[in-house]
Visitor: 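I'd like to ask some things about the structure below.
Positions are given from 1, in the same order as the sequence printed here.
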Amino acid sequence: ILACGMRPGLWMAPFAADKHSKLATQHPDWLIRNDEGRLANSSYCGKFFCGLDVTNPHVREYVYSCIRRAVVDWGYTVLKIDFLYASCLKGNGKYDLSISRAQAMTLALQCIRSAAGPDVYLIGCGCPIGPGIGYVDANRISADTGPTFYPEFPLPYWDNGTLPSLRAMIRNSMSRAPLGHRWWHNDPDCLLLGKTTKLTDIQVASAASVVGMTSGMLLLSDDLTKVPHERMEIVSKIFPITGATAIVLDLHSTKYEGLPTVLRLWCTDRHDPVIYNNDKDKEIMGFNHEATMLARQASFSPDSEDPIPSKRVRNCIHVPKGMGTWTAISISNWKNEPSLSRVPRSALLPGWKEDEGNSIGESEKTNADGFHVFSFWSGDYSWMPDPRSEEGKKYELRKLLKSHETEIIHLKPVNQTLPDYIGSTIHFSCGYEVRQIDRSSDHLTVQLRNDFHRLGSVYIYIPRAKLEQVEVTVAGKDAVFQTYANTPSSATSSTNNQTRMVGRIIRVAIEIQGDQSPNDGEINVKF
């Protein structure tokens, strides 16, 4: 594993024991018992296992030795510690009755972290939320995912909140999104990609959208050699994770079974990029490290100044200088039938408050040229007037979504005189896949990240120009482009009452080889 440049990880449940195991047989006094004197049940669906009594010092010594063996003797640097709640099961049959269940949970976490040391990446699972703060690097914040959207027989279908299902995973991933990159890295459970499940492509894409927008851990558990190409394409569009956590706009006003439907991120070039200052950083720098560093910059620290709430650093995806600032919104239809989903006008408000420097918020200035509206999953393009203008106040952004479908919509201000990068089919952010951009009144050069092989399309806005004058090269070679859409202006002609066109959207196909060859991932447009 190390030879492949990866970190080895081990899945453990150190405070859980099968009631027929050697440990349970040899040390019955280590097991928690309920008030009736019987073994306390872990209540795990389909399996009875016992909880080890962490108030017993012999149990702590045993668990400490297990963790040390995994870390020191076997060399694992990532540990997923599951079924942690087994250490604080309810019952008076314990070694030390003076210790509360909350204290017992803290004792368990202290024991594990002490044994693992500060450099091992700990993933908590089945862990009560509060006690995990400060001990784990990542924590499961959702119910188990499952091969169906709702729990199916023999599980009780009406329990949509705690039993294994995709719906339960999605619900908690959104409702607990604010914990991510504040207390730990949120673990939403893995994305199930295989066709052996009953999940549709739409449901898998919706789950991927939630993970990408909330910047949860990207976990895969399928045999990737058996995953269909179209499912791998879905997950590739949220990789790499950005380190920015979306704001759940309807967290406290959900209208359908407690499932939020509107998430918002801002993409901006106004924040300084991550700077790696030492050789150690350079050695371990990768996409995961980059996202972690971005998250650390935005996370809470008791030693730092109180953040300005409107600055929203943790809700911003960092993009290269020259790309500007725009709004990214995901809207979802969690109903069991198609539904016309509407985006609240207040969610669309873009721009910066001029009186607060780099603070994100509603600018008093309106953009007379309106906004590009690009839908990532469908590839649809449209135009809308500035939502702060009189015309924009009458406009409603809405989209017909299929059952359990999610769309990610980007709103970028139109500039009549300069070309712009509208988005791509490569990454959901429509900006994080860009490494560098340069533009002027007659050209646009975009350098995409070229660390991996990618195949997709890029959408570019060109100010009004004759198509025969447009020249496009990809990786230094002449390329064919398609005229995809027209960009209108809010100004209309008084003679024919038709909207004036200010530019065009062209679509350029691109294949990134990922071999670090010269010009790989470079797109150059002249007009």
Side-chain angles (χ1 to χ4, degrees), residues 1-16 63-85 87 105-106 108-142 144-145 173 176-177 179-191 211-212 214-221 238-245 274 276 278-301 314:
I1 295 173
L2 288 172
C4 294
M6 297 183 287
R7 298 178 64 177
L10 187 64
W11 188 359
M12 306 176 69
F15 286 101
V63 171
Y64 185 94
S65 65
C66 290
I67 301 296
R68 293 299 291 174
R69 184 182 303 117
V71 173
V72 177
D73 298 343
W74 299 341
Y76 287 97
T77 59
V78 177
L79 297 180
K80 175 178 176 176
I81 310 297
D82 208 346
F83 304 111
L84 281 166
Y85 65 85
S87 65
M105 187 70 257
T106 301
L109 290 164
Q110 287 175 341
C111 176
I112 292 170
R113 176 52 80 184
S114 175
D119 297 325
V120 171
Y121 192 87
L122 286 183
I123 305 172
C125 191
C127 179
I129 295 295
I133 302 172
Y135 291 104
V136 295
D137 300 286
N139 200 23
R140 170 72 72 77
I141 45 83
S142 74
D144 284 355
T145 190
S173 297
R176 289 177 172 168
L179 307 184
H181 307 307
R182 280 193 168 110
W183 291 348
W184 45 59
H185 196 172
N186 278 355
D187 171 9
D189 204 5
C190 55
L191 288 174
V211 172
T214 60
S215 195
M217 296 179 70
L218 179 53
L219 303 170
L220 305 177
S221 64
I238 66 169
F239 178 81
I241 293 296
T242 66
T245 304
V274 176
Y276 302 93
N278 54 55
D279 292 337
K280 181 180 178 181
D281 282 339
K282 293 177 183 178
E283 289 175 3
I284 62 175
M285 184 176 66
F287 285 120
N288 290 332
H289 183 62
E290 181 178 359
T292 300
M293 291 295 291
L294 287 169
R296 285 178 179 174
Q297 286 187 348
S299 62
F300 170 77
S301 171
R314 70 187 305 272

Visitor: Taking all heavy atoms of M105 and all of P128, pick out the closest pair and write down the distance.
Guide: SD-CD, 3.5 Å
Visitor: Just wondering, do T214 and P188 contact through their side chains at under 4.5 Å, heavy atoms?
Guide: no
Visitor: Which atom pair, heavy atoms only, marks the closest approach of I241 to G212?
Guide: CD1-CA, 4.5 Å
Visitor: Can you tell me if H185 uses its side chain to pair, donor with acceptor, with the backbone of S215 under 3.5 Å?
Guide: yes
Visitor: Is there a side-chain contact between Y135 and T106 in this structure, where contact means two heavy atoms from C-beta onward sitting under 4.5 Å apart?
Guide: yes
Visitor: Do the side chains of I81 and V136 get nearer than 4.5 Å, heavy atoms only?
Guide: no
Visitor: Identify, with sequence neighbours excluded, every residue that meets side chain to side chain donor-acceptor pair (under 3.5 Å) alongside R176.
Guide: none
Visitor: Does the side chain of V78 come within less than 4.5 Å of L10's, by heavy atoms?
Guide: no
Visitor: If the condition is side chain to side chain donor-acceptor pair (under 3.5 Å), which residues does N139 pass it with, not counting sequence neighbours?
Guide: none
Visitor: Between C190 and L220, is there a side-chain heavy-atom distance shorter than 4.5 Å?
Guide: no
Visitor: Could you go through I129 and W183, starting from their C-alpha distance and side-chain angles, then the distance that decides it, and tell me whether this counts as side chain to side chain contact (heavy atoms under 4.5 Å, CB included)?
Guide: CA-CA 10 Å; I129 295 295; W183 291 348; 3.7 Å; yes
Visitor: Can you list every pair that meets salt bridge (charged side-chain N to carboxylate O under 4.0 Å, His left out) and has a residue in residues 133-142, with sequence neighbours left out?
Guide: R113-D137, R140-D144, R140-D187, R140-D189
Visitor: Would you name the heavy atoms of M12 and A70 that are closest together and state the gap between them?
Guide: SD-CB, 4.1 Å
Visitor: Please enumerate all residues that pass side chain to side chain donor-acceptor pair (under 3.5 Å) together with R69, with sequence neighbours excluded.
Guide: none
Visitor: To check you understand the geometry: which heavy-atom pair defines the closest contact between I112 and P14, and what is its length?
Guide: CD1-CG, 4.2 Å
Visitor: As an exercise, state the distance from CG of L79 to SG of C125, rounded to the nearest 0.5 Å.
Guide: 13.5 Å
Visitor: Between the main-chain N or O of L84 and the side-chain N or O of S87, is there a donor-acceptor pair closer than 3.5 Å?
Guide: yes
Visitor: If the condition is side chain to side chain donor-acceptor pair (under 3.5 Å), which residues does T77 pass it with, not counting sequence neighbours?
Guide: R7
Visitor: Minimum heavy-atom separation for L109 to C127, with atom names?
Guide: CD1-SG, 4.1 Å
Visitor: Of all heavy-atom pairs between I123 and M217, which one has the smallest distance, and what is that distance?
Guide: CD1-CE, 3.8 Å
Visitor: Among residues two or more places apart or on two chains, list those pairs meeting salt bridge (charged side-chain N to carboxylate O under 4.0 Å, His left out) that have a residue in residues 74-83.
Guide: none
Visitor: Do I141 and W184 come close enough that some side-chain heavy atom pair is under 4.5 Å?
Guide: yes
Visitor: Would you compute the distance between atom CD1 of I238 and atom CG of L191 and round it to the nearest 0.5 angstrom?
Guide: 5.5 Å
